2 protein chains.
Amino acid sequence: MEWEKGEAIWKQIGRLLLQDITAGVYKPGDKLPTENELAKRFGVNRHTVRSAIAALTEDNVMRVEQGRGTFVQESLMDYTLGSRTRFSQIVSGRHRLPDKTLLSSEREKATKQVAKKLMVARDEKVIKLESVSQADGIALAHSISYLPALRFKGIEKVFAETKSLTEAFKYFGLNDYTRKNTRITAQMPSKRTAELLKQAKNKPVLITESVDVDATGKVIQFGITHFASERVQLFVDNESTSPLS
Amino acid sequence: MEWEKGEAIWKQIGRLLLQDITAGVYKPGDKLPTENELAKRFGVNRHTVRSAIAALTEDNVMRVEQGRGTFVQESLMDYTLGSRTRFSQIVSGRHRLPDKTLLSSEREKATKQVAKKLMVARDEKVIKLESVSQADGIALAHSISYLPALRFKGIEKVFAETKSLTEAFKYFGLNDYTRKNTRITAQMPSKRTAELLKQAKNKPVLITESVDVDATGKVIQFGITHFASERVQLFVDNESTSPLS
DNA sequence: GTTAATTTGTTCGTATGTATC
DNA sequence: TGATACATACGAACAAATTAA
């Protein structure tokens with residue numbers, strides 16, 4: 001390997017690696033060769049390769065995990081938590097194809113937690129919907145939604161067809177609803193969630209618990225969503241909010 | 001052990017366990033005796049104890065971890081992500097004593113990421129502050145803050161004394177600032193973060209990346225905060241925001 | 001569950017060329 | 001010219017995390 005004079009070797013190596021990535025030799029999520037292999041390939045010291053990797057990591061092009069290797073960084077989908085957050089809009093706004101698959105639906109009695117969130121009586125019947133959200137066929141989130149059964153009888157069929165809760169709500173004459181609040185926690189994924197999200201078991205999931213209300217302020221949905229932290233980051237924008245809050 | 005008639009035994013056991021917890025026999029985070037031990041103590045079948053535990057878990061009083069045991073649930077501190085989020089206000093609003101300790105401060109050149117977030121030139125000097133936030137002596141968060149060095153020369157001394165960035169800003173004539181936005185991800189903690197937060201290494205941390213601006217919109221701080229997911233949950237309130245967002 | 005191999009992270013030391021005062 | 005600082009590059013050794021046997 002011959003190096004141009006006047007430019008640091010590690011910068012030149014960085015450009016070569018970047019070329020490989022943009023050319024698709026290494027795809028998002030792929031593991032790069034080890035530092036020793038790269039050092040051998042470029043005929044330089046391992047530290048020189050590390051300098052190049054450090055610069056590309058800083059640029060968010062790759063990601064290094066101690067003991068595992070260096071990986072091409074997947075772009076994280078920004079999921080904005082606003083009062084009118086809509087999954088399909090977020091995904092299609094990124095020029096990716098949204099899809100939401102209904103895994104199961106059940107009618108059951110509200111547990112204490114669900115009854116409180118939905119503001120219905122304990123033991124009132126609720127509909128439980130379980131779904132997986134995808135963008136371009138890549139799983140992003142695994143959700144469980146609870147809705148009051150009285151108001152939305154049979155919504156699971158409409159949801160399964162339209163693949164959208166927003167659309168299903170419209171079928172029930174509900175043309176608009178807003179997110180009241182969102183609570184965010186992090187946990188290790190259950191086996192089932194890890195499988196559904198096709199996510200590493202040793203990477204956490206971001207969990208949101210949210211409450212949606214209709215125009216009159218009536219609660220229409222309580223949802224628990226598990227996001228693949230490898231592919232999604234949540235985003236809160238305070239610029240468009242009132243300065244009084 | 002004698003049981004009252006007319007009330008299910010598991011309910012009575014549940015009440016006894018709840019009494020133990022409120023009395024402080026078992027403190028938040030403590031491990032309860034195993035189901036078999038409890039069954040022996042109460043002279044009932046293990047499944048009866050399990051019914052009691054299931055009810056208390058539903059009430060968020062305790063938490064069961066397969067293969068590990070049953071634990072008294074720590075109450076999660078709600079950390080609201082608003083435009084005027086202030087750590088000390090959030091904590092003292094919960095009648096807990098806030099404290100922020102400066103771990104280290106450095107002057108260094110802005111990396112590409114920091115320069116972009118702070119909207120300063122690459123290579124401009126920035127101040128890096130590392131701190132741990134506590135409530136009642138319990139660590140909640142580990143933060144790294146970047147500030148433009150030109151504007152806030154020597155702020156680390158004021159911060160170390162006042163233990164508050166808000167107060168330190170006032171020293172520089174900056175009486176008000178707002179949170180522009182927040183990005184939320186989840187990761188496994190580094191060894192150092194786990195130690196500082198006194199958190200289990202196999203529990204994730206919630207990470208926020210936030211940008212603060214002064215009244216004129218100038219960026220004054222870029223902060224990365226790691227929250228102990230065992231003790232903090234983030235909260236987004238959409239009710240007090242403009243419906244246009 | 002333990003051990004061993006693999007891979008990245010950190011810290012020494014050494015040497016060289018370049019820019020600056 | 002000298003003194004100094006800084007970035008670059010290499011080598012060796014060890015620490016820490018992960019994975020596989």
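All of these numbers come straight from a predicted model, not from anything done at the bench. Chain letters run A, B, ... following the sequence lines, proteins first and then strands; every chain starts at 1.
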Under 3.5 Å, is there a donor-acceptor pair between the side chain of A/Gln199 and the main chain of A/Ser229?
yes
Rounded to whole Å, the CD1-P distance (A/Ile53 to C/dT8) equals 7 Å
### Task
Using a heavy-atom cut-off of under 4.0 Å over every strand shown, decide if A/Ser51 touches base, sugar-phosphate, or nothing.
nothing
Whole-Å distance, A/Glu35 CD to C/dT10 C1', equals 12 Å
Separation of D/dT8 atom C1' from A/Gln12 atom CD, nearest Å, is 12 Å
Per atom distances to the A/Ala8 side chain, the nearest of C/dT8, D/dA16, D/dA9 is D/dA9
Using only atom types and a distance under 3.5 Å, with no angle test, would you say the side chain of A/Glu58 pairs donor to acceptor with the backbone of B/Lys112? yes
Taken to the nearest whole Å, CZ/A/Arg63 to C1'/C/dT7 is 15 Å
- Item | Cation-pi check, B/Arg86 onto B/Tyr177 ring (under 6.0 Å, within 45° of axis) | yes
From NZ of A/Lys201 across to C1' of D/dT18 the rounded distance in Å is 15 Å
Rounded to whole Å, the CD-C1' distance (A/Glu65 to C/dT6) equals 15 Å
Discussion item. Can a side-chain donor-acceptor contact be found between A/Thr34 and A/Asn36 if the only test is distance below 3.5 angstrom?
Written reply: no
B/Glu108 atom CD is separated from D/dA7 atom C1', nearest whole Å, by 17 Å
request  = Return yes if some donor-acceptor pair links the side-chain N/O of A/Gln12 with the main-chain N/O of A/Glu4 below 3.5 Å, else return no.
outcome  = yes
Restricting to nitrogen or oxygen on both sides, can you table the protein-nucleotides 19-21 of chain D pairs closer than 3.5 Å?
residue: D/dT19; atom: OP1; partner: A/Arg68; partner atom: NE; Å: 3.4
residue: D/dT19; atom: OP1; partner: A/Arg68; partner atom: NH1; Å: 2.8

How about B/Thr185 and A/Gln233: does a side-chain donor come under 3.5 Å of a side-chain acceptor? no
Interatomic distance, CZ@B/Arg179 vs CD@B/Gln221, rounded to 0.5 Å, equals 7.0 Å
Atom CD of A/Gln66 and atom P of D/dA17 are separated, to the nearest Å, by 6 Å
B/Pro189 and B/Pro204 have their tightest heavy-atom pair at CD-CA, 4.2 Å
Within the distance-only criterion (no hydrogens, no angle test), does the side chain of B/Thr57 pair as donor or acceptor with the backbone N or O of B/Ile53 below 3.5 angstrom?
yes
Note: contacts of residues 37-47 of chain A with DNA chain C (heavy atom, under 4.0 Å) are A/Arg46, A/His47
### Task
Would you please test B/Phe169 and B/Phe152 for ring pair (Phe, Tyr, Trp, His ring centres under 6.0 Å) and show each step?
CA-CA 8 Å; B/Phe169 281 145; B/Phe152 299 108; 5.2 Å; yes
Going 5' to 3' through nucleotides 14-21 of chain C and flagging B where a protein heavy-atom sits under 4.0 Å of the base, S where only the sugar-phosphate is that close, and - otherwise, we get --------
- Task: Select base, sugar-phosphate, or nothing to describe what B/Lys109 touches, counting heavy atoms under 4.0 Å on all strands.
- Result: sugar-phosphate
Taking every heavy atom of B/Val236 against every heavy atom of B/Leu81, the minimum-distance pair comes out as CG2-CD1, 4.3 Å
